[in-house]
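First comes the structure, then the notes that go with it.
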Number of protein chains: 2
Amino acid sequence: MDDHKQQIAHFEQTCRAHGLKMTHQRLEIFHALVHSSEHPSAETLYSMLEKRMPTLSLDTVYRTLATFVDLGLVKRVETLGSKARFEAKIDQHHHFFCDRCGQLTDFTWQSFDASQLPETVQELGRVRDKNVILHGVCNQCLKAKE
Amino acid sequence: MDDHKQQIAHFEQTCRAHGLKMTHQRLEIFHALVHSSEHPSAETLYSMLEKRMPTLSLDTVYRTLATFVDLGLVKRVETLGSKARFEAKIDQHHHFFCDRCGQLTDFTWQSFDASQLPETVQELGRVRDKNVILHGVCNQCLKAKE
DNA sequence: CATCAATTAAGAATAAATCTTATCTGAGCC
DNA sequence: GGCTCAGATAAGATTTATTCTTAATTGATG
């Protein structure tokens with residue numbers, strides 16, 4: 001969990017390097033993203049934070065997330081829905097998506113990460129990122145089904 | 001390429017099985033999707049077809065795509081953009097996404113398909129689908145870069 | 001402690017997708 | 001071949017997610 005502290009440190013560095021001020025909002029939003037595993041949308045982040053920060057505006061959440069994405073601090077997650085969801089970019093990982101409740105869970109898969117892409121792919125272009133997305137039904141939903 | 005004829009046949013079957021009429025529009029939209037490799041959005045499909053079908057309405061494209069997705073004949077593709085993109089569901093395949101131009105290319109990867117998921121994933125739930133998404137820059141964009 | 005980047009409020013604007021109502025068309029059954 | 005109703009169309013309104021505008025305020029940092 002000290003990864004988180006490192007991540008925050010890296011975040012502060014990056015902001016400073018780009019001449020961005022360390023505002024309360026930016027810090028809280030990044031903090032929330034780092035400590036959340038639910039890949040929240042802007043709206044979700046907003047409702048998570050508005051209790052503690054009653055003057056926070058949804059607009060700021062959107063604006064701040066866009067900034068973070070530009071800086072490469074945060075990634076928009078690939079989903080089937082129309083709402084954008086985000087995660088603080090950490091090490092190589094993959095996603096399990098529950099088609100019933102929309103829950104999105106991270107997992108790692110070292111042997112996949114180490115695997116070689118098929119040759120046909122070389123011809124398509126230069127690959128920068130290689131990720132797995134699983135779809136299915138999560139355990140909670142499976143249990144809730146009686 | 002006779003896969004396509006089979007796919008159309010399966011499409012007609014499925015429609016009939018659900019008591020859906022085989023309208024010109026449905027057929028053309030499905031046909032376009034089957035023969036396109038670009039994973040078009042509703043808008044794109046509409047502009048592809050409106051030349052040949054001047055009375056086609058965008059609304060119909062949306063409505064028809066929704067029907068097809070419900071029937072499992074068409075899949076919405078996982079993307080980072082806000083516009084929904086679709087493909088006629090065929091056999092197991094994966095996606096290469098060009099971050100520069102947005103082009104989306106299919107590829108197959110048998111050894112991945114045959115691979116076992118890591119054990120930690122079993123604990124998450126029941127997996128129904130397992131796909132790879134690559135991000136990078138396609139060859140056209142790489143060439144165009146001088 | 002002054003400056004200016006960033007936030008806020010309030011509301012307008014945009015984009016993608018969906019719905020409404022009424023009218024028309026044509027697919028599939030007899 | 002004609003009926004009937006599902007489905008398509010037109011035109012416009014609505015919804016949802018997101019972004020922008022303007023003007024006033026706040027607060028991080030030099």
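As the structure is a prediction and not an experimental result, all values here were calculated from the model.
- Looking at heavy atoms from C-beta onward, A:N139 lies out of side-chain contact with B:R126 at the 4.5 angstrom threshold.
- Across the protein-nucleic acid pair, B:D70 atom CG and C:dT18 atom P stand 10 Å apart, rounded to whole Å.
- As a whole-Å value, the separation of B:M53 CE from D:dT9 P is 7 Å.
- In this structure, B:V132 and B:F96 have side chains that are not in contact, with every pair of non-hydrogen atoms separated by 4.5 Å or more.
- Here the P atom of nucleotide C:dA16 and the CG atom of B:L45 are 15 Å apart, to the nearest Å.
- Counting only heavy atoms from C-beta outward, the side chains of B:Y62 and B:Y46 never approach each other to under 4.5 Å.
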Report, one pair per line, the protein and nucleotides 17-21 of chain D atoms (nitrogen or oxygen only) whose separation is under 3.5 Å.
unit_1: D:dA17; atom_1: OP1; unit_2: A:K83; atom_2: NZ; d: 3.3
unit_1: D:dT18; atom_1: OP1; unit_2: A:A84; atom_2: N; d: 2.8
unit_1: D:dT18; atom_1: OP2; unit_2: A:Y62; atom_2: OH; d: 2.4
unit_1: D:dT18; atom_1: O5'; unit_2: A:Y62; atom_2: OH; d: 3.4
unit_1: D:dC20; atom_1: N4; unit_2: A:D59; atom_2: OD1; d: 2.4

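- Taking 4.5 Å as the limit, some side-chain heavy atom of B:D129 sits within range of a side-chain heavy atom of B:K75.
- Because its NZ or CZ atom is both nearer than 6.0 Å to the ring centre of B:F112 and within 45° of the ring axis, B:K130 counts as a cation-pi partner of that residue.
- Taking for each of B:P54 and B:L20 the nucleotide of DNA chain D with the nearest heavy atom, the 5'-most of the two is the partner of B:L20.
- Ring pair B:F107/B:H94 is tilted by interplanar angle, where 30° to 60° counts as tilted.
- Within residues 21-31 of chain B, the residues approached by DNA chain C to less than 4.0 Å at the level of any non-hydrogen atom are B:K21, B:M22, in residue-number order.
- Ion pairing between a basic and an acidic side chain is recognised when a charged N comes within 4.0 Å of a carboxylate O; A:K83 and A:E43 show no such pairing.
- Rounded to the nearest 0.5 angstrom, B:R128 CZ and A:F97 CZ are separated by 12.0 Å.
- Residue B:H18 contributes atom NE2, which lies 18 Å from atom C1' of C:dG28 at whole-angstrom precision.
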